[in-house]
**Student:** 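If you scroll down you'll find the structure; I have some questions about it.
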Amino acid sequence: MGSDSLAIDLSHVSKIYRGGIHALRDIDIQVHPGEIYGLLGPNGAGKSTLVKIMMTVVRPTHATGSLLGEPLGRKATLARVGYLPEHHRFPLWLTGRQAIEFSGAMSGVRRVLRRRRTSELLEKMRMTEWEKVRIGSYSKGMQQRIGLAAALVNDPRLVLLDEPTDGVDPVGRREIRDILVEMREEGRSVLVNSHILSELEMVCDRVGILVKGSVAMQGTMDELTASSQRYEIIIKGGPPEWIGEHGLAAKAVDGGLTKLVMPTTDPESIQPVLDRLRASSCTIHALQPIRESLEDLFLRAVTDPETGNALMPGAKGDALIVPPTSPRSDLEDGEGGS
Amino acid sequence: MTQTLALLHAAYRELNARKLFWVTMALSLLIVAVFAALGINENGITILWWEFDLEFVNTRFFPREVFYKVLFTTFGIGFWLTWLASILALISTSSIVPDMVSGGSIDILLSKPIGRTRLFLTRYFTGLIFVTVQVSVFTVASFLLIGIRGGAWEPWFLIAIPLVVVFFSYLYGVCALVGLLTRSTIVSLLVTMLFWLFIFGVHSGEEITQSGSIAYELDLKQVQADLAEAVEYGDPIEVTEPLQEVVDSVQASYDTWAMTHAWFYGAKCILPKTSETIGVLDRTLRKNAGLEVGLPEETEGRRRGPRSGNMFGTTSRVPQREIDRIQSERKDSRSLTWIIGTSLLFEAVLLGICCWLFSRRDF
């Protein structure tokens with residue numbers, strides 16, 4: 001896919017705030033059209049700063065790249081971009097409809113069109129009943145729905161959502177997730193900042209994990225977990241002597257069981273091992289393919305490889321170096337192994 | 001245009017929600033209604049159907065049209081528009097910039113396809129537009145009142161609209177800058193009030209020192225003339241020497257007053273001239289609307305100082321009335337460019353700083 005067709009194509013994005021705080025360090029990020037990209041990271045990792053740079057709210061110290069094919073920082077491009085800021089605050093004296101229409105007008109949407117779009121979005125967000133009520137009397141979840149509608153009123157090709165499910169109840173979260181999927185089906189590109197990893201895992205095509213101002217990991221879930229995917233075979237008794245021949249690692253588990261780990265995603269390649277176990281009269285207790293969850297990935301990215309502690313929030317200090325994944329990292333104190 | 005109208009509409013909703021805009025508007029109309037309730041006849045003044053006989057306030061001294069014109073200029077403009085209404089307008093508009101730059105709100109605005117400078121200036125001018133509406137309603141209502149009740153249709157009164165708005169804009173510029181820097185409505189309002197007090201102090205200081213320097217200038221001329229006369233008549237040194245000492249002493253006093261006045265004047269040159277801007281209205285109405293604003297000369301002299309002396313206690317008897325006359329002439333000789341031009345330049349510099357800060361700041 002050529003870079004001309006990328007919805008977001010940023011290179012070497014750096015931001016140093018006053019006082020020498022490195023919020024972002026040489027970030028490269030690409031988002032393809034029609035994909036949902038999840039941007040993760042601990043508090044202070046620089047996620048919001050990156051989004052704000054794209055929306056011209058924050059000026060980068062250095063950045064090259066484009067948004068929807070136009071140079072980064074070009075105001076006119078923002079007419080085709082929707083944005084839901086974290087902790088957004090519409091004037092409390094506006095009604096839900098007025099807030100959405102104001103957002104549309106500021107994006108340059110003509111009156112007739114923005115009224116029609118507003119009605120559609122109110123319906124989609126299930127806020128039609130509340131359209132004439134002032135935002136000041138809305139719950140946090142309702143305000144978030146109105147914010148989401150305001151981000152979509154200009155029919156954007158690219159949508160940036162900073163913590164869209166913040167303060168939203170589980171039902172509302174599911175609805176927002178459905179809206180994200182719907183946006184993808186409509187061909188929009190979506191970049192989502194969120195802490196709710198399980199939700200992102202369900203909808204994101206690709207994820208990037210920001211830690212201390214740097215991209216620690218970026219790719220599809222399959223790409224990111226490829227090196228950690230494995231099969232685990234739990235057998236009764238101790239490990240057979242021949243396991244080293246098949247590249248297996250072993251670890252004793254409770255109940256007199258042993259866990260054999262084979263670093264492969266190919267089911268064919270475990271068949272000889274299973275045959276040999278049967279031939280050795282081993283009782284196979286369980287067999288399961290293992291893939292890291294997004295939470296596992298995230299925790300791996302934000303954990304200091306030397307100390308095992310979570311990396312401190314904020315981006316000040318040395319740039320991050322993320323260790324490669326080892327499928328045997330949980331076997332360090334295990335028995336045997338090759 | 002869509003964006004400008006949206007910002008204007010949003011600002012209207014904001015002011016509408018705060019109610020203070022409508023309170024100020026209602027008070028303006030109430031004051032016009034009070035003016036309308038006042039009347040004057042050959043015996044004195046009337047309030048609705050009550051009549052109060054007054055010896056010096058009746059149509060024998062004040063033609064009806066002058067009565068209403070004085071009411072409008074003295075109380076309507078001099079008291080209401082330039083003091084109370086301005087304070088209320090500052091209170092109701094001081095939140096416009098801080099609210100705009102508050103967290104969560106500014107992200108929404110800056111993420112729209114509108115330049116930062118245009119965004120800031122549009123928000124700034126929306127504040128001024130609403131003050132213009134308030135001043136216009138009061139002035140037009142007063143114009144109609146003077147026409148209907150006083151029988152004088154004087155279009156020059158409408159010049160109060162741009163002048164009062166320009167006067168307000170000097171203060172609003174300060175309010176916007178402080179609001180942008182601190183993001184606090186209360187701080188911006190307080191600093192603006194203090195700034196207003198400061199420029200009022202500079203204005204008063206300039207007026208007093210100008211008056212003092214005029215008094216000593218006239219005094220100096222008088223004592224120099226006395227000395228020249230003594231010398232001319234060949235008076236002995238016992239007479240001329242004390243006179244010379246007086247001349248030297250007055251010269252020193254004059255130098256001090258003149259230098260102090262020069263400092264105040266210099267400060268005033270770069271500061272916005274609120275009092276003088278409203279003074280332009282007085283000048284214009286005196287010249288074009290046949291209105292002498294202020295008290296009659298005889299009483300003015302008695303009010304501000306002894307008839308044959310002055311408040312500075314100069315050696316010769318320079319009458320306060322003469323000092324006031326010269327000072328008034330000098331003030332009237334100040335050009336519009338100096339009064340309004342330099343004030344607008346000050347405001348433009350403030351707005352330039354605001355736009356620069358707003359364009360460069362990360363939110």
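Chain naming here is simple, since letters A, B, ... match the order of the sequence lines and numbering starts at 1 in each.
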**Student:** Between A:Arg134 and chain B, with a heavy-atom cut-off of 4.5 Å, which part of the residue counts as in contact: side chain, backbone, both or neither?
**Tutor:** side chain
**Student:** Check whether the side chains of B:Ser102 and A:Arg89 place a donor and an acceptor atom closer than 3.5 Å, and report yes or no.
**Tutor:** yes
**Student:** So what's closer than 4.5 Å to chain A heavy atoms on B:Ile106: side chain, backbone, both or neither?
**Tutor:** neither
**Student:** Check whether A:Pro91 gets within reach of chain B through its side chain, its backbone, both or neither, counting any heavy atom under 4.5 Å.
**Tutor:** neither
**Student:** A:Val109, A:Val58, A:Val81: which one forms the most heavy-atom pairs within less than 4.5 Å of chain B?
**Tutor:** A:Val58
**Student:** Which answer fits A:Ile53, side chain, backbone, both or neither, if we ask what part of it has an atom under 4.5 Å from a heavy atom of chain B?
**Tutor:** neither
**Student:** Is A:Thr165 reaching over with its side chain to a backbone N or O of A:Val168, donor-acceptor style, under 3.5 angstrom?
**Tutor:** no
**Student:** Indicate yes or no for a side-chain donor-acceptor contact from A:Tyr138 to the backbone of A:Ile146 under 3.5 Å, with no hydrogens or angles considered.
**Tutor:** no
**Student:** Please lay out, stage by stage, how B:Phe143 and B:Phe138 fare under the test side-chain contact (heavy atoms from CB on, under 4.5 Å).
**Tutor:** CA-CA 9 Å; B:Phe143 168 75; B:Phe138 180 78; over 6 Å; no
**Student:** Heavy-atom pairs under 4.5 Å with chain A are the metric here; pick the option from B:Leu5, B:Leu119, B:Leu7 that has the most.
**Tutor:** B:Leu7
**Student:** Would you please indicate yes or no on a ring centroid separation below 6.0 angstrom for B:Tyr172 and B:Phe168?
**Tutor:** yes
**Student:** A:Ala79 versus chain B, heavy atoms under 4.5 Å apart: side chain, backbone, both or neither?
**Tutor:** both
**Student:** For chain B, which of A:Ala151, A:Ala150, A:Ser103, A:Gly82 has the most heavy-atom pairs under 4.5 Å?
**Tutor:** A:Ser103
**Student:** Is the distance from the ring center of B:Phe346 to that of B:Tyr170 below 6.0 Å?
**Tutor:** no
**Student:** Quick one: do the A:Asp9 and A:Ser66 side chains pair a donor with an acceptor below 3.5 Å?
**Tutor:** no
**Student:** In this structure, is the centre-to-centre distance between the rings of B:Phe35 and B:Phe72 below 6.0 Å?
**Tutor:** no
**Student:** May I ask you to name which of A:Arg80, A:Lys15, A:Met54 has the most heavy-atom pairs under 4.5 Å with chain B?
**Tutor:** A:Lys15
**Student:** Need one label for B:Arg360: side chain, backbone, both or neither, based on atoms under 4.5 Å from any heavy atom in chain A.
**Tutor:** both
**Student:** Would the B:Phe120 and B:Phe125 ring centres measure less than 6.0 Å apart?
**Tutor:** no
**Student:** Under 4.5 Å heavy-atom distance to chain A, tell me which part of B:Asn16 shows up: side chain, backbone, both or neither.
**Tutor:** neither
**Student:** Relative to chain B, which of A:Met55, A:Arg59, A:Arg110, A:His87 shows the most heavy atom pairs under 4.5 Å?
**Tutor:** A:Arg59
**Student:** Out of B:Ser111, B:Ala6, B:Ala10, which one racks up the most heavy-atom pairs below 4.5 Å with chain A?
**Tutor:** B:Ser111
**Student:** Is it the backbone or the side chain of B:Thr122 that comes under 4.5 Å from a heavy atom of chain A, or both, or neither?
**Tutor:** neither
